[in-house]
Amino acid sequence: MIDKSNRSRAKNSKKTLKRLLSYFKGYRLKVAIVIFAAIFSAFANVFGTYYLSIVIDTAVAFDNYVDLIYDILLLASIYLLGAASTLFYTRYNIFISQQIIKKIRSDMFKHMQDLPMKYFDNKTHGEIMSYYTNDIDTLNECLNNSIVNIFNSLCMIIGTMVFLLVINIYLALIVYVFVILMLIYMVVNSKICKKYYDKNQYCLAKINSFIEEHIKGIKEEKIFNHQEENLTQFNVHNKNLKEASEKAIYHTQLNTPFIVSLSYLNFAISAVVGVFFAINSLISFGMFSSYLVYVRQSAQPFNLFISHINSILSAFAGCERIFEFLDLEKGEDKGNVTLVNVNVYKNHIFLSNKYTGHFAWMIPQKNSNKAYKLVLLKGDIRFNNVTFGYNDKKVILNDISLYAKPGQKIAFVGSTGAGKTTIINLITRFYEIQSGEILYDGINIKDISKSSLRRSISMVLQDTHLFNDTILNNVRFSRLKASDEDVIAAIKLVRADRFIEKLKDGYNTILYDDGTNLSQGQRQLLSIARAAVSQKPVLVLDEATSNVDTRTEKLIEKGMDILMENRTVLVIAHRLSTIENAKAILVLKKGKIIERGNKDELLKKKGFYYNLYNKKIELS
């Protein structure tokens, strides 16, 4: 069943077409050249058929060799020019089409980067990838081949109709009747096909999403013997896609026998009537021959349309999905405070065009003679009465207030769902709070541009993502201009050099499929090294050593201590041993802070943390 969004897209076909045409604005001259070449190609074919009557009549008269040879050469020249024009506009159209596809794909990727995290929470990777694969591919095929060929065919049908009138108005009327019948059928059947191609694209996205998800989870599927259940679910998606494709292709294929039957009937009637006109000298033999060719040509555009209808309808359905994706609301970012490189000399701050290791917030000044104010980046984080929920029905954080002063290590402890990771997500503005405020160096983070805000924070997450690149470039990802020496120093800082130097290609080892050629612990070490090379004043460790064994954890403790020096550090950890030296430990329960203090203070209270420390209770 097609959902409401699909039905609404069907109603906005004109809007979709208009928007697609807007991508051609920068190519108007090139498009005009292609259109002119297509028109000329169609004219050459149509006029060539008309001139054929002159050649035949000259040959029938057979009284002048020179005229006959001249007419044959002129006819050949007309067809050759038409063929050259076809070759030209086909090649030039591909160039334009690829530019358009490149622009659309770039717009999609740029827009995707601005979408809020909640969109990705509700969409599978397969569904998103479907926009870049299925929908773009169908549009690409259509722009490369179908559109310009349909336009050329339209010019041919118009030219054919005109020259038919030149030959004989009564014979032309016979063809007109059949052309009108073909047009009516094509319009009605196209609407039916469009509906099923919309559903086909929707089902295709669903099955791709399902396959992509289960390829990633193939180990879990085998471990828990989930093959039969997954196959059952796959068969449902496969059946839906089969039924949608079946109906779309069936209605498309109906065009061929219908149009062919009408064209044969048209030819038969036209031939009989045309013979009558020729016998009674109402038209010449040459004109009669051209007339029959025009009759056959009148059906050719419809046959060509049939061959491209699949591509056109699929592309239009895909185009609607693409524009629907591009119309998704971007994440809110009205911040005008930016992060800049600065030099600090005798308590004075100066702007710098180069990386200095020192940063400041550039705050625009409205009611002042100064254009901006520089505030040194320190890493002071404060939550004031913050309330947040991922949706309106469930509140995750309830009136939270906390602070982390520059250079302090603050730890968060609590059961799963208590809101620890949510606090981190709010600091980086992955989500927007419902009420309260979050201050960063005294500035409301809503006033800071997201890119600048995130440039000031380094994160080590529990789930490490590594790219298909060398170890060096993966660690350098947090600061792309870092030298190899800086990257290697960061790697050695966290003791990751021990396993890297044992690899065949060392630091130039290529990582595959999210680093599956390394162990989980080794991947985590690279993630920590990535944070070390970034040299940012705020460091977030979300279960940073959860995938590292206790022996390795001991090895990197000193490196981590160096990494955390003079930085504001926010730590989420299940292992209490990793946060014993924290300046403050915040204990969360059901979205509220129930205890705050250092290790000794919390143990004296003999509350939740005391029981947790003595293993009287466990984190779930």
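Excluded from the calculations below are hydrogen atoms, water molecules and symmetry mates; all remaining heavy atoms, backbone and side chain alike, are included. Computed from a predicted model, the values in this text were never measured in an experiment.
Between F285 and F288, the ring planes are tilted. Angles from 30° to 60° get that label. Note on ring orientation: taking the six-membered ring where Trp is involved, the planes of Y294 and F163 are parallel (angle under 30°, cut-offs 30° and 60°).
Between the side chain of N152 and the main chain of V148, no donor-acceptor pair closer than 3.5 Å is present. Formation of a donor-acceptor pair under 3.5 Å by the S290 side chain with backbone atoms of S53 is found in this model. A donor-acceptor pair under 3.5 Å is formed between the side chain of T509 and the backbone N or O of G506. Between the N280 side chain and the F276 main chain, a donor and an acceptor come within less than 3.5 Å of each other.
A salt bridge is defined here as a Lys NZ or Arg NE, NH1 or NH2 lying under 4.0 Å from an Asp or Glu carboxylate O, and R476 with D469 fails to meet this definition. A salt bridge links R321 to D135: one of the charged nitrogens lies within less than 4.0 Å of a carboxylate oxygen.
Annotation for M108 and I136: closest pair SD-CD1, 3.8 Å, computed over non-hydrogen atoms. Of all non-hydrogen atoms in M287 and Y50, the two that sit nearest each other are CE-OH, 3.6 Å. The two residues C142 and A315 come nearest to each other via the heavy atoms CB-CB, 3.3 Å. Among all heavy-atom pairs drawn from Y92 and K30, the shortest one is OH-CG, 3.5 Å. For A44 against G82, the heavy-atom pair with the smallest separation is CB-CA, 3.6 Å. What you find for Y89 and A37 is that their closest heavy atoms are CB-CB, 3.5 Å.
Here the CG-SG distance, from L143 to C319, works out to 8.0 Å after rounding to the nearest 0.5 Å. Here the straight-line distance linking atom CG of L139 with atom CG of L20 works out to 6.0 Å at 0.5 Å rounding. Taking CD1 from I510 and CG from L503, the interatomic distance works out to 12.0 Å, rounded to the nearest 0.5 Å. With rounding to the nearest 0.5 angstrom, the CE atom of M156 is 7.0 Å from the OG1 atom of T49. If you take CZ on F316 and CG on L17, they are separated by 5.0 Å, rounding to the nearest 0.5 Å. Here L115 contributes atom CG and F120 contributes atom CZ; the two are 5.0 Å apart, rounded to the nearest 0.5 Å.
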**OP:** Give the intermediate values and the outcome of side chain to side chain donor-acceptor pair (under 3.5 Å) for residues N508 and T470.
**Re:** CA-CA 5 Å; N508 293 314; T470 64; 5.0 Å; no

Original post:
Could you walk me through whether D333 and R429 pass the side-chain contact (heavy atoms from CB on, under 4.5 Å) check?
Top reply: CA-CA 9 Å; D333 189 8; R429 283 192 71 190; 4.0 Å; yes

Subject >> V475 and Y507: CA distance, side-chain angles, deciding distance, side-chain contact (heavy atoms from CB on, under 4.5 Å) verdict >> reply: CA-CA 10 Å; V475 175; Y507 294 99; over 6 Å; no

**OP:** Starting from the C-alpha separation in whole Å, work towards a yes-or-no answer on side-chain contact (heavy atoms from CB on, under 4.5 Å) for Y170 and V273.
**Re:** CA-CA 10 Å; Y170 299 106; V273 178; over 6 Å; no

Subject >> Steps toward side-chain contact (heavy atoms from CB on, under 4.5 Å) verdict (V162, V46) >> reply: CA-CA 10 Å; V162 171; V46 173; over 6 Å; no

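Around atom CD of Q113, more than 12 heavy atoms belonging to other residues, nucleotides or ligands sit under 6.0 Å away. The number of heavy-atom neighbours closer than 6.0 Å to CG of L73, taken from other residues, nucleotides and ligands shown, is above 12. Within 6.0 Å of the NZ atom in K206, the count of heavy atoms belonging to other residues, nucleotides or ligands does not exceed 12. The environment of F88 atom CZ is dense: over 12 non-hydrogen atoms of other residues, nucleotides or ligands sit within 6.0 angstrom.
Between L164 and L171, the closest side-chain pair of non-hydrogen atoms is not below 4.5 Å. Residues N474 and R530 form a side-chain contact, since some pair of their non-hydrogen atoms from C-beta on lies under 4.5 Å apart. Taking 4.5 Å as the limit, every side-chain heavy atom of K103 sits out of range of all side-chain heavy atoms of F24. Considering only heavy atoms from C-beta on, F323 stays 4.5 Å or farther from K15 through its side chain. Between L75 and D71, the closest side-chain pair of non-hydrogen atoms is not below 4.5 Å. In this structure, Y51 and Y79 have side chains that are not in contact, with every pair of non-hydrogen atoms separated by 4.5 Å or more. In this structure, the side chains of D327 and R19 come closer than 4.5 Å at one or more pairs of heavy atoms. Looking only at side-chain heavy atoms (C-beta outward), N353 and N341 stay at 4.5 Å or farther from each other.
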Hey, can you pull the donor-acceptor pairs under 3.5 Å for the side chains in residues 257-270, sequence neighbours left out?
residue: S261; atom: OG; partner: P257; partner atom: O; Å: 2.6
residue: S263; atom: OG; partner: I259; partner atom: O; Å: 3.2
residue: S263; atom: OG; partner: V260; partner atom: O; Å: 2.7
residue: N266; atom: OD1; partner: S270; partner atom: OG; Å: 3.1
residue: S270; atom: OG; partner: N266; partner atom: O; Å: 2.8
residue: S270; atom: OG; partner: Y291; partner atom: OH; Å: 3.3

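For the residue pair D107 and Y23, a side-chain donor N or O sits within less than 3.5 Å of a side-chain acceptor on the partner.
A side chain to side chain donor-acceptor pair (under 3.5 Å) with N140 is found for exactly one of T138, N144, D137, namely N144.
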